[in-house]
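Below: the structure, in structure tokens.
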2 protein chains.
Amino acid sequence: MTAPCAEILSQGDEVVTGQIADTNAAWLSERLTGLGFAVKRHTTVGDDLENLADAFREIAERADLCICTGGLGPTVDDLTAEAVSLASARPLQEDPDALRQIRIWFAGRAEPMPEVNRKQALLPEGAQRLDNLRGTAPGFALNHAGCRICCLPGVPHEMKFMFDNAVEPDLCARFPTQPEQLITLRVLGVGESTLQQRLNSIALPQEIKLGFRTVPPENHVKLTFPAHYPAAKRDAVTEEIRRMLGPSVFGIDTPENSDGTLIECVDRLMRQADASLATLETLSRGHLAQLCGALPWWLSGLALADSERIQARLGPYFKADSTDPLANAGAVAEYLRQQEGSTHALVCIDSRHTPDILYLAVAAGADTITERHPLEGNPRYRHALAAAKALDLLRRAL
Amino acid sequence: MTAPCAEILSQGDEVVTGQIADTNAAWLSERLTGLGFAVKRHTTVGDDLENLADAFREIAERADLCICTGGLGPTVDDLTAEAVSLASARPLQEDPDALRQIRIWFAGRAEPMPEVNRKQALLPEGAQRLDNLRGTAPGFALNHAGCRICCLPGVPHEMKFMFDNAVEPDLCARFPTQPEQLITLRVLGVGESTLQQRLNSIALPQEIKLGFRTVPPENHVKLTFPAHYPAAKRDAVTEEIRRMLGPSVFGIDTPENSDGTLIECVDRLMRQADASLATLETLSRGHLAQLCGALPWWLSGLALADSERIQARLGPYFKADSTDPLANAGAVAEYLRQQEGSTHALVCIDSRHTPDILYLAVAAGADTITERHPLEGNPRYRHALAAAKALDLLRRAL
């Protein structure tokens, strides 16, 4: 079966002039690809009626599905309904239910409905209204020239909510797609070329696609299985790859379950363990405090410009010129844990003699684990990588 | 004069399937708009030769300028040169200088050039090569059907470097554009509707456009003046607006000079004052340490989950149940400055009795300034806003 062809159309002067980056298109593409559509093209046009109508006409000729975002607001710049009306030769008609909902939305805020908002109830004749429970702009959907056209608001949280609740069920009923199965192995601190080398010896069946992606500081290994690939065989292949990549894999996302980012993994494990954390950092320059700071198990974070400043504060427990910086980091972690009364303490520091080496320690009750890692790259990348390496050590200790 | 029409074309399966968001398009749009082009459309297509060639043909018909990014790599998925060759009926030819540069790039890394990279030296006949000093993929430019087509690599830092150094001078010579003059006033902690109200009483001349944009936690007021609007009159209007907005304006970007973001403003002032900083925070949850941590004047940051923990550390200087939390914050800032030996200390904390109030203090020599602000919004926004409010107080103290 050939996958149905989808295109995405974004509308707005603020997008086409670069004032805002279009994150809606990437989100929709990923969702549509996951549903089994072949997304062939994204188009962005400004607030120009003729250009927008042209874009709808062209896409309707090429694609089976067009998802459009933006241009449903109340002002004169909001032209989506008019452009679809023009492109599909369906006059605009006031939808009484849409108008009622817009009035209710304003009534809920104890405000009168401004007259301009009446425009938002105008939909192309025969279009199906898509209710917007999070804003004033209803969306709509219709068939034109063999293409299903769905128009959604540009505000991301309204758009996503409507896609999930109204558009996706409709698409699944209309398009009998067979989505591929995507598995993502999330890895920390192993570059793409090293990952490729480690996987060189595996002979993957032809129908499984292998891909790589970098989302600093994470690297992802992506396995795409055909729609009907048996789950047991799929999981066996995944497990073999995980074993070849070793402990650098910190999470696996499958169609059924997502482990999420590194801080999401750590958050889950910390909550499960009913643990609490204090941190001390130099090389990560506040990144560790900021990453953990919003989470309920975090108690305190001390960030210092260099290890000399640790000496000044924790002199009895830390020797800045120690010849054993790892033991040093471990001793400080143990002291920090006791001082802060936390179940865990995480230390992420440098040593005066080896500026490009990161020393990590996690203290957890009787056990203290230490590790050293060389750091490369530009300063901002190093700060983020040092914090990620520290979180990864904590994850393995949990 | 009508502005010349520009379009942006992005190539790549990873973009069209939503695996990465296309930040190149927004960057290019903003730059082209600033140069005086009317950017009419963005298009993204996947790694498909026919689709890509079609996109080039369509854009060449509609636009005076097409900037394309991506698809210049060495693999079979990299199809830009071939697609332009197809669309413009110019055969591909090996460019000896391009091949030499690719060899030199690998030689500089003491690696032999893989045979696949030879493909990157193939350019459409008659195209002008655009050297890539930061990677292996050269770009190229040519005229087709009245449209200037410029193809650049997709790696953002390579693309931006080539645009600045090779494309922009070429465009300025070819297109006698008249860019509008954009002034941005950067404001902290004043919402869009309040900004609009404050500016209600001003009668701007018709030819000046007023706009608003939110980049949390900053709000921007944008004034667009015609190309030939006199600088003295422009600056007088800007100054009047700045005065109406009051001290919440922390920076102004003009075509001649950019103040930049809040942390960039603070960084500049700290360096000018030869100052150094220690921070203590609760409500901003590590954001302050992370924002300042990468900068050379930062000495230390202590982040704590709540004000009870300040009491435990700085008991003699801090009273968690004080009825005067502002004085409390001031006392702690003074103590912190002395303890850390910094010229400035910045404190950003809560008080047990008023959880939604932020207490700020900056200690600088003999002077200590304190301020209180109510905080609203979801937790993550509050953390970022609290840190920004603290930095803004430091800015005003400098």
Side-chain angles (χ1 to χ4, degrees), chain A residues 8 10 14-23 25-33 38-46 48 51 54-55 58 62 211 213 215 222 279 281 284-294 296 298-306 309 313 340 379-380 383 387, chain B residues 8 10 14-23 25-33 38-46 48 51 54-55 58 62 211 213 222 279 281 284-296 298-306 309 313 340 379-380 383 387:
Chain A
I8 292 164
S10 310
E14 71 283 11
V15 186
V16 88
T17 58
Q19 287 185 38
I20 60 173
D22 183 6
T23 55
W27 188 88
L28 283 168
S29 292
E30 192 149 34
R31 294 300 300 271
L32 291 172
T33 304
V39 182
K40 296 281 192 188
R41 203 188 264 228
H42 305 178
T43 306
T44 305
V45 293
D48 179 295
N51 284 348
D54 282 346
E58 295 161 19
R62 287 188 302 249
R213 182 179 162 200
V215 187
K222 290 181 168 268
T279 61
E281 62 191 306
S284 46
R285 295 263 172 169
H287 280 252
L288 207 48
Q290 194 261 330
L291 278 166
C292 300
W298 174 84
L299 300 182
S300 72
L302 177 57
L304 300 168
D306 53 56
R309 296 203 156 248
R313 284 169 192 258
E340 296 290 315
R380 297 227 172 227
H383 304 160
Chain B
I8 292 163
S10 310
E14 71 283 9
V15 186
V16 87
T17 59
Q19 287 184 37
I20 59 173
D22 183 6
T23 55
W27 188 88
L28 282 168
S29 292
E30 193 149 35
R31 293 300 300 271
L32 291 172
T33 304
V39 182
K40 295 282 190 186
R41 202 188 267 228
H42 304 179
T43 306
T44 306
V45 294
D48 180 297
N51 284 348
D54 282 347
E58 295 162 17
R62 286 188 303 249
R213 182 177 164 200
K222 288 178 171 274
T279 60
E281 62 190 307
S284 46
R285 295 262 172 172
H287 280 253
L288 207 48
Q290 194 259 330
L291 279 166
C292 300
L295 298 163
W298 174 83
L299 299 182
S300 74
L302 177 58
L304 300 169
D306 53 55
R309 296 203 154 247
R313 284 170 191 259
E340 297 291 314
R380 297 227 171 226
H383 305 160

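Here the structure is a predicted model, which means the values were calculated and not measured.
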Checking A/V15 now: which residues fulfil side-chain contact (heavy atoms from CB on, under 4.5 Å) with it, not counting sequence neighbours?
A/I20, A/D22, A/T44
Bottom line for A/R41: the part with an atom under 4.5 Å from chain B's heavy atoms is both
Give, as side chain, backbone, both or neither, the part of A/H383 having an atom under 4.5 angstrom from any heavy atom of chain B.
side chain
Does any heavy atom of chain B fall under 4.5 Å from the side chain of A/E281, the backbone, both, or neither of them?
neither
Heavy-atom distance under 4.5 Å to chain B: side chain of A/A25, backbone, both or neither?
neither
Please identify, among B/L291, B/V39, B/T17, B/L302, the residue contributing the most non-hydrogen atom pairs under 4.5 Å to chain A.
B/T17
When the 4.5 angstrom heavy-atom criterion is applied to B/E14 and chain A, the contacting part is neither
What part of A/R31 is in contact with chain B, defined as an atom under 4.5 angstrom from a non-hydrogen atom: side chain, backbone, both or neither?
neither
Chain B interface, residue from A/A303, A/S300, A/S10 that has the most non-hydrogen pairs under 4.5 Å:
A/A303
Under 4.5 Å heavy-atom distance to chain B, tell me which part of A/A55 shows up: side chain, backbone, both or neither.
both
For A/R380, check salt bridge (Lys or Arg N to Asp or Glu O under 4.0 Å) against everything at least two apart and list the hits.
none
Highest number of heavy-atom pairs under 4.5 Å with chain A: which of B/L304, B/T33, B/V16?
B/V16
